[in-house]
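Source: prediction; values computed, not measured. Hydrogens, waters and symmetry mates are skipped; everything else that's a heavy atom, side chains included, is used.
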Amino acid sequence: GRIRTPGLPKELCNVMDSSGYKVAGWDVEWHFKNYSIPVESVEKMISEVARVEKNKELFNRNHIVILAHDRMFEKQQYADSLQKSITTLKQDPKNVFETIDHYPGMPFK
């Protein structure tokens, strides 16, 4: 029932919600260029996660959704970046990785 987005995405979220779909957004996005090359470094992504968390810019308290498109990690050099970011974030015991069905408000379990 809560939507935090401007313009057209908000309209789309409303239409999808009224059609029975559940829409989940993200708190941090790992951007890409040329369809498959990550823009931010692992270190930048980890610092962005920390910044968003510190500033309490999360949609749901104590839950953070990180959007990282799978096509960005097709090449081995970038797949290693994804693995390194996950491994680094998991070093802090407060960080637990879950699938979207564990996110608050999602109807499926």
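What you find for Ser36 and Pro38 is that their closest heavy atoms are O-CD, 3.6 Å. Ser81 approaches Trp30 most closely through the heavy-atom pair O-CH2, 4.0 Å. Residues Val28 and Met45 share a closest heavy-atom pair of CG1-CE, 3.4 Å.
Residues satisfying the side-chain contact (heavy atoms from CB on, under 4.5 Å) test with Ser18, not counting sequence neighbours, are none. Under the rule for a side-chain contact (heavy atoms from CB on, under 4.5 Å), the partners of Asn34 that lie at least two apart in sequence or sit in another chain are Ile37. The side chain to side chain donor-acceptor pair (under 3.5 Å) check on Glu48 picks up Arg51, with sequence neighbours excluded.
The cluster map of Ile, Leu, Val, Met, Phe, Trp and Tyr, joined by side-chain heavy atoms under 4.5 Å apart, puts Leu89 and Val96 in different clusters. Transitive grouping of hydrophobic side chains (ILVMFWY, heavy atoms separated by less than 4.5 Å) keeps Val39 and Ile46 in distinct clusters.
Here the straight-line distance linking atom CD1 of Ile100 with atom CH2 of Trp26 works out to 11.5 Å at 0.5 Å rounding.
Atom CZ of Phe97 has more than 12 neighbouring heavy atoms from other residues, nucleotides or ligands inside a 6.0 Å radius.
For residues 83-92, the set of pairs meeting the side chain to side chain donor-acceptor pair (under 3.5 Å) definition, not counting sequence neighbours, comprises Glu43-Lys84, Gln83-Thr87. Listed by first then second residue, pairs satisfying side chain to side chain donor-acceptor pair (under 3.5 Å) with a partner in residues 61-79 read Gln76-Asp80, not counting sequence neighbours.
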Test Phe59 against Val65 for side-chain contact (heavy atoms from CB on, under 4.5 Å), laying out the working first.
CA-CA 9 Å; Phe59 192 71; Val65 176; over 6 Å; no
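Side-chain N or O atoms of Glu40 include one that pairs as donor or acceptor with a backbone N or O of His31 at under 3.5 Å.
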